[in-house]
Number of protein chains: 2
Amino acid sequence: MRAVKTETDIRRDQIAEAAMELIGAGGLSSLSIAGIGERVGIVPSAVYRHYKGKDAVLDAVLQLLRARMLAHVEAVRGETPGALLRLRLLLVRHMTMLVEHPAFSHVVFAHFSHAGHAARWSGLHDTMCAYLKEIARIVEEGQHEGAIRSDIPSRTAAVMFIGLVLPAAMLHRLSGGDFDASAHVDAAWPVFLRGLAADGDRRRRRSG
Amino acid sequence: MRAVKTETDIRRDQIAEAAMELIGAGGLSSLSIAGIGERVGIVPSAVYRHYKGKDAVLDAVLQLLRARMLAHVEAVRGETPGALLRLRLLLVRHMTMLVEHPAFSHVVFAHFSHAGHAARWSGLHDTMCAYLKEIARIVEEGQHEGAIRSDIPSRTAAVMFIGLVLPAAMLHRLSGGDFDASAHVDAAWPVFLRGLAADGDRRRRRSG
DNA sequence: GTACATTGTGAATTGTGAATCACAATTCTG
DNA sequence: CAGAATTGTGATTCACAATTCACAATGTAC
């Protein structure tokens with residue numbers, strides 16, 4: 001059955017979305033033009049009407065992920081004041097994101113399998129840096145508030161923050177879902193907090 | 001030039017080693033039978049004399065990595081007494097390992113790109129669990145010593161420990177080597193230690 | 001040295017997936 | 001409606017890598 005003719009703007013979105021789902025379901029290696037076509041409801045070659053090639057589709061997926069990632073930070077800023085609470089909330093949202101968009105972890109880790117194409121992944125690097133920068137900014141705000149020790153480099157704290165979720169996401173997938181990533185994050189948070197929080201500042205005790 | 005006839009035991013080792021190097025250099029996607037043959041000095045088809053196929057080679061690599069990983073824990077046990085010092089030392093060794101054997105990170109993360117073959121990666125899961133278990137055991141020893149808070153699940157601490165290196169390794173690779181993973185680990189350690197160490201136990205101050 | 005097993009070789013086979021192309025259908029514009 | 005632009009289709013090409021196979025070389029046992 002012939003697919004209904006649809007304008008490129010819409011198709012591009014559909015294709016990027018389909019690509020993200022494919023990656024989320026089966027990893028980067030299962031991203032194929034044929035698979036995209038099937039999901040969108042067009043024939044493989046029709047994909048080339050809307051994207052130059054597979055790489056272009058991947059770039060679009062990266063853009064999608066970047067947008068959603070930074071949107072989370074933005075949202076957290078609006079929901080809560082206070083650096084420590086924001087970090088805690090971001091942690092939850094970060095986990096949720098990894099569950100809702102497994103494509104994210106796949107893409108993040110995929111450059112390990114497809115190393116050598118350094119240029120292709122520079123966009124991903126930019127995204128990660130932007131995210132780290134946002135987290136670091138929250139940390140710095142916390143340091144100004146006096147809630148977070150000032151002798152901790154904000155970037156170090158930001159990378160450690162990522163370190164709370166990254167291995168959890170990895171184990172979750174590696175175990176086929178057995179590892180409870182959320183439970184780990186909940187258990188790890190107070191430990192991280194104790195390392196982070198300023199000594200004299202005990203006003204925040206409700207942080208388990 | 002015809003390769004000298006070599007017995008299978010040796011060839012199997014050579015092939016596994018070559019495969020590990022290939023993965024380390026260019027990611028899992030650059031592991032090819034042809035590449036292995038070239039490194040070993042035999043023709044691609046000759047590889048099949050010693051391994052059933054590509055999957056079997058990959059399994060062998062996984063075994064190699066498992067052995068080296070657990071050897072590090074063993075070595076640390078022999079080098080230092082005291083849980084906290086052992087963890088600190090293991091951290092350094094862990095980083096060193098990731099630098100010396102980039103294949104390790106590649107393989108660990110590769111299952112994200114090649115998801116769906118759950119069975120293939122169960123061996124990797126076992127290895128990770130074994131490693132986590134060793135770390136958790138050190139943590140438990142530290143809790144018995146009174147150096148580490150007893151209200152922290154040892155497994156949580158172990159996963160957090162992994163979280164100190166994982167993102168660092170990722171950023172290192174993502175940035176093309178710009179990110180200084182060792183520096184991050186050095187900066188992150190005291191923060192982690194503060195979260196981990198028992199309150200009443202201040203005997204260990206030389207941990208920066 | 002002769003039979004036999006082992007290992008190496010090159011060619012051929014097969015499978016996969018990206019990309020191209022000529023052509024058909026559809027939509028838009030006048 | 002006529003013509004142009006856009007989008008969809010199927011066949012096809014291309015590159016690449018895994019695997020198989022018949023055969024050659026090498027080594028081993030008797």
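All chains are named by letter (A, B, ...) in the order of the sequence lines, taking the proteins before the strands, and each is independently numbered beginning at 1.
- Note: CG (B/L28) to P (D/dA17) measures 14 Å, nearest angstrom.
- For the pair A/I33 CD1 and D/dA15 P, the computed distance is 18 Å after rounding to whole Å.
- In terms of position along DNA chain D, the nucleotide closest to A/E7 lies nearer the 5' end than the nucleotide closest to the other residue of the pair A/E7 and B/A34.
- Using a 4.0 Å heavy-atom criterion, one finds that A/L31 contacts the sugar-phosphate atoms exclusively.
- Here the rule is side-chain contact (heavy atoms from CB on, under 4.5 Å) with B/M95, and of B/D186, B/V185, B/L164, B/L90 only B/V185 fits it.
- Looking at heavy-atom distances under 4.0 Å, A/I10 makes no contact with the nucleic acid at all.
- A centroid separation of 6.0 Å or more is found between the aromatic rings of B/F104 and B/H94.
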Go through the steps to decide whether A/H106 and A/R173 satisfy the test side chain to side chain donor-acceptor pair (under 3.5 Å), and finish with yes or no. CA-CA 10 Å; A/H106 282 143; A/R173 198 147 268 276; 3.2 Å; yes

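- Looking at heavy atoms from C-beta onward, A/I162 lies in side-chain contact with A/Y131 at the 4.5 angstrom threshold.
- When the side-chain nitrogen and oxygen atoms of A/K5 are compared with OP1 and OP2 of D/dG8, none of them lie within a distance under 4.0 Å.
- Crowding of B/E79 atom CD: a count of heavy atoms from other residues, nucleotides or ligands under 6.0 Å exceeding 12.
- Summarising the geometry of B/R86 relative to B/I138, their closest heavy-atom pair is CB-CG2, 4.1 Å, with the distance given to 0.1 Å.
- Within residues 39-49 of chain A, the residues that have a heavy atom under 4.0 Å from DNA chain D are, in order of number, A/I42, A/V43, A/S45, A/A46, A/R49.
- Summary of the strand contacts: A/R2 and B/V4 both lie near DNA chain C, and taking for each the nucleotide with the nearest heavy atom, the more 5' one is attributed to B/V4.
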